[in-house]
2 protein chains.
Amino acid sequence: MTATSTTSTVAEATAAAAAAAPALAATSDVDRARFLAAIADAIDAAAVELVSIAQRETHLPEARLTGEVARTTAQLRMFARVIVDGAYLEATIDHPNSEAVPPNPDLRRVLKPIGPVGVFSASNFPFAFSVAGGDTASALAVGCPVVVKAHSGHTELSRRTAEIVSAALEAAGAPAGSFSLVEGRQAGTDLVQDRNIKAVGFTGSLSGGRALFDLASSRPDPIPFYGELGSINPVVITEAAALAGAQKLATGLVGSFTLGVGQFCTKPGVVLFPAGTGFEDAVVAAFAEARGGEMLTERIAEAYPAGLQKLAAEGNVKVLAGEVDQDPDRPAEPVVLLTTAAAVAADPQTLLEECFGPVTLLVAYHDTAERDAALDVIEGSLTATLHAAEGEHLADLAERLAARAGRVLFGGWPTGVAVTWSQQHGGPWPATTSIHTSVGATAGRRFQRPVTYQDAPESVLPEALREQNTLGIWRRIDGELGRH
Amino acid sequence: MTATSTTSTVAEATAAAAAAAPALAATSDVDRARFLAAIADAIDAAAVELVSIAQRETHLPEARLTGEVARTTAQLRMFARVIVDGAYLEATIDHPNSEAVPPNPDLRRVLKPIGPVGVFSASNFPFAFSVAGGDTASALAVGCPVVVKAHSGHTELSRRTAEIVSAALEAAGAPAGSFSLVEGRQAGTDLVQDRNIKAVGFTGSLSGGRALFDLASSRPDPIPFYGELGSINPVVITEAAALAGAQKLATGLVGSFTLGVGQFCTKPGVVLFPAGTGFEDAVVAAFAEARGGEMLTERIAEAYPAGLQKLAAEGNVKVLAGEVDQDPDRPAEPVVLLTTAAAVAADPQTLLEECFGPVTLLVAYHDTAERDAALDVIEGSLTATLHAAEGEHLADLAERLAARAGRVLFGGWPTGVAVTWSQQHGGPWPATTSIHTSVGATAGRRFQRPVTYQDAPESVLPEALREQNTLGIWRRIDGELGRH
């Protein structure tokens with residue numbers, strides 16, 4: 001097994017990852033930053049070839065895929081900056097305190113890599129949430145070997161990306177076994193149960209994710225399973241906002257829920273709007289511009305009309321625009337459904353099931369009590385969006401939204417997830433399975449475990465914990481944060 | 001339900017906690033610091049009464065219990081300092097960046113309380129890991145209501161402590177429902193499955209903890225279960241260390257494994273020592289000073305001789321000191337067992353099972369390969385301890401120990417867990433079920449979830465995220481950490 005392996009058996013890949021783990025953990029942050037930059041450079045250099053494969057396999061348009069490559073390599077470079085910054089180590093030093101009762105020893109704490117990480121690629125982001133996506137980048141950044149399970153929706157792209165990643169890592173001097181690719185459904189279940197795998201990152205469906213979460217939790221030695229599973233991403237429009245600009249809101253909504261043929265985990269799936277403001281008419285008008293497209297995989301293309309028909313069969317649901325009887329062999333067409341807040345509050349299980357594809361459910365409310373009752377039955381989401389008019393009192397509503405989502409937007413639309421220090425891509429179940437994020441600078445925290453050294457000689461301490469701050473990083477010493 | 005309730009049904013307690021959650025989350029850090037200090041003051045004021053109840057219920061000596069009260073109230077006060085410091089919020093601000101492609105919005109991230117937390121008291125620390133212990137203190141500190149499941153081993157102490165906590169919280173102005181106590185085995189399983197409970201803190205046995213972990217993981221909406229379950233706490237003595245000071249090491253070991261009648265989660269349960277150095281004779285000599293005592297509960301007292309006899313029945317295990325045939329109705333007596341590194345490597349499941357009580361297993365190794373092979377089969381532990389002589393090359397051995405424990409000690413003994421910024425009380429499975437700690441300044445991170453505000457008006461932002469840093473806390477703004 002060398003760093004240039006692309007696909008292998010799960011046992012081979014995880015054994016190689018376990019063998020690589022100590023060496024990768026021992027590399028410096030500067031070296032791992034170099035590994036990440038090397039991957040980014042290699043992917044950028046191969047962008048045209050990769051986009052062409054991705055277009056054929058995913059049916060996503062060239063411009064979108066080219067943008068996604070840029071996002072993916074920018075993400076790799078961001079994690080390089082994050083680890084060189086060094087605060088991600090949470091280095092903490094408490095000198096001995098003989099006056100404490102009992103006396104405190106010398107204690108020094110740092111976050112270390114958890115060990116080999118299994119990463120499941122997503123169907124809908126063949127670059128940014130796949131072989132060299134955020135899970136892989138954040139795990140490698142903090143020093144964990146990665147075994148990626150390829151998504152069957154873009155096998156050739158996965159293999160080619162893996163070749164590029166492996167070659168870049170090898171050329172940059174990363175330990176052999178730091179990265180591998182495995183394929184197939186069985187490989188996925190094996191990976192989650194493999195003793196050498198210490199954590200899993202997953203982006204996919206609620207049913208698939210739940211099954212793997214259950215496998216991870218029922219191991220003899222359970223491991224953290226970081227899954228991003230399903231999200232309905234509620235949008236709330238206040239009366240004042242609807243009255244002030246229904247048309248602009250409608251245009252924005254249609255653009256957002258049809259983006260990428262509605263195959264975004266942050267697609268606005270349910271929109272609470274004030275009845276009697278004519279907002280639904282504005283949506284119908286804006287819908288004239290809505291475009292569908294070919295979906296990512298056959299399975300997704302079949303599930304979309306099935307989901308539409310199930311929703312439309314409910315007595316309280318009306319088809320406002322588009323057709324629910326669609327042929328899965330033809331490009332998917334957008335649909336807008338309409339119901340009431342009272343109906344949602346009465347049967348949230350049925351009406352709020354996530355339907356992957358270019359559809360959204362408009363929910364009319366008559367007063368804020370009805371609106372809040374509907375909001376309160378919405379399960380955890382990645383995002384929640386509020387459209388209000390200037391000067392409205394929003395604090396209570398904002399807290400209500402913050403209670404059920406990881407990111408709360410004021411204006412704008414939830415599709416589009418900036419990769420920054422402040423990003424949070426994760427929310428209460430079923431949006432994600434953990435209190436961490438899979439996007440943004442803190443995503444690596446999922447793959448780190450704290451270790452405290454007590455009364456250790458300098459010679460065994462990790463560099464971040466030595467008396468002299470040769471790395472120049474932020475540390476907390478005797479309770480005080482500083483670059484000391 | 002008022003803040004002075006002590007015991008109640010699970011449904012009552014969790015409903016009250018859910019109702020209190022938004023109000024408690026909205027309190028300022030300074031107010032919650034005041035709540036914690038009020039609890040600490042009230043417990044200190046009642047220390048004599050509480051220690052007297054604890055002595056009767058747990059059979060632990062007065063001095064130990066008095067010390068544990070001091071540790072518990074110091075811990076409450078430490079969390080007060082941690083939240084006023086403010087870095088625990090991880091406040092992060094990224095101003096909009098119109099030059100990014102696509103442009104980045106204004107993003108501001110903060111950690112918020114996860115919601116009501118279920119806390120399971122431990123048998124062996126009736127104060128520090130019980131009603132007002134570390135889990136309760138850290139959850140309240142970050143703004144989560146707490147429902148404590150009392151341990152049956154100290155029911156009266158639990159009720160009295162809960163009365164004091166409730167009264168202190170009420171007098172300090174905490175929202176009603178912020179704290180309750182429930183009792184009984186069924187209450188425990190109900191608590192973990194209650195929809196209003198968003199996370200659980202647990203300290204106890206591997207079997208009990210595993211059962212509750214499985215319940216938490218198999219909920220329709222799984223929640224994080226932070227369990228501290230079982231730990232064998234390996235000690236490694238190098239040849240040079242044994243030759244340099246076997247007697248002192250033996251005295252230290254006997255003191256540590258018999259402390260609190262061996263009922264510490266950090267008890268050194270297995271000691272790898274170099275054969276042929278006479279270390280085992282030194283332990284036998286030091287053993288003359290070893291004292292046992294009455295155990296915490298009848299169940300623990302019955303399990304101890306059963307565990308001893310099971311271990312001693314193994315062909316490769318010799319009773320070096322003490323008696324394995326003990327009457328569970330009489331005080332427990334210390335025991336030292338002896339085996340070889342080869343035997344441990346061959347059958348780790350049997351030989352390395354945690355035996356709660358004043359017993360340790362000495363493991364003789366003939367060379368470093370035998371020693372490392374035995375180390376590698378030891379499961380995750382809270383601690384690992386290394387005794388070496390000055391000048392020895394320890395880096396590789398230190399990393400081997402750090403791979404299987406959350407705290408690595410150089411010299412000293414693992415019993416005794418300082419409550420500081422740097423402490424880590426948690427390790428790989430089965431030591432704990434998570435990548436977090438249950439002791440020390442970062443314990444509250446278990447009960448926080450990140451929320452990012454996108455393009456939010458100042459009026460809805462939590463104070464920590466507003467443009468002006470009125471709290472004077474550490475924040476990361478546009479990538480730069482500072483008190484700005």
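Just so it is clear, the structure is predicted and the values come from calculations on it, not from any experiment. We name chains A, B, ... by the order of the sequence lines, and we start the count at 1 in each one.
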With a 4.5 angstrom heavy-atom cut-off, which part of [X] approaches chain A: side chain, backbone, both or neither?
X        : result
B/Leu397 : neither
B/Pro105 : side chain
B/Asp85  : side chain
B/Trp474 : side chain
B/Gln448 : backbone
B/Thr420 : both
B/Phe213 : side chain

Side chain / backbone / both / neither for [X] at chain B, heavy atoms under 4.5 Å:
X        : value
A/Arg219 : backbone
A/Asp221 : both
A/Thr442 : side chain

Open item on the list: If we count only N and O atoms by modelled type, under 3.5 Å, do the side chains of B/Arg109 and A/Thr437 hold a donor and an acceptor together?
Closed with: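 There is no such pair (donor and acceptor under 3.5 Å, judged by atom type) between the side chains of B/Arg109 and A/Thr437.
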
Open item on the list: Quick check: do A/Val110 and A/Glu90 have side-chain heavy atoms less than 4.5 Å from each other?
Closed with: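 Side-chain contact under 4.5 Å: no.
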
TODO: Establish, for the pair A/Arg108 and A/Tyr453, whether the NZ or CZ atom is under 6.0 angstrom from the six-membered ring centre and no further than 45 degrees off its axis.
DONE: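 No; the conditions do not both hold, so A/Arg108 does not lie above the ring face of A/Tyr453.
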
TODO: Verify, without hydrogens or angle tests, whether A/Thr383 (side chain) and A/Arg407 (backbone) share a donor-acceptor contact under 3.5 angstrom.
DONE: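 The answer is no, because no donor-acceptor pair under 3.5 Å joins these two groups.
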
- [ ] Output yes when a side-chain donor or acceptor of A/Glu392 lies under 3.5 Å from a complementary backbone atom of A/Ala389, and no otherwise.
- [x]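 It does hold such a pair.
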
Task: Choice from A/Ser217, A/Pro222, A/Ala398 maximising heavy atom contacts with chain B below 4.5 Å - done: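 Answer, by heavy-atom pair count under 4.5 Å with chain B: A/Pro222.
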
Task: A/Gln75 to A/Ala128 - nearest heavy-atom pair and separation - done: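 Distance-wise, the nearest heavy atoms are NE2-O, 3.6 Å.
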
TODO: Measure centre to centre between the rings of A/His387 and A/Trp413, then say whether the value is under 6.0 Å.
DONE: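 Centroid separation for A/His387 and A/Trp413: below 6.0 Å.
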
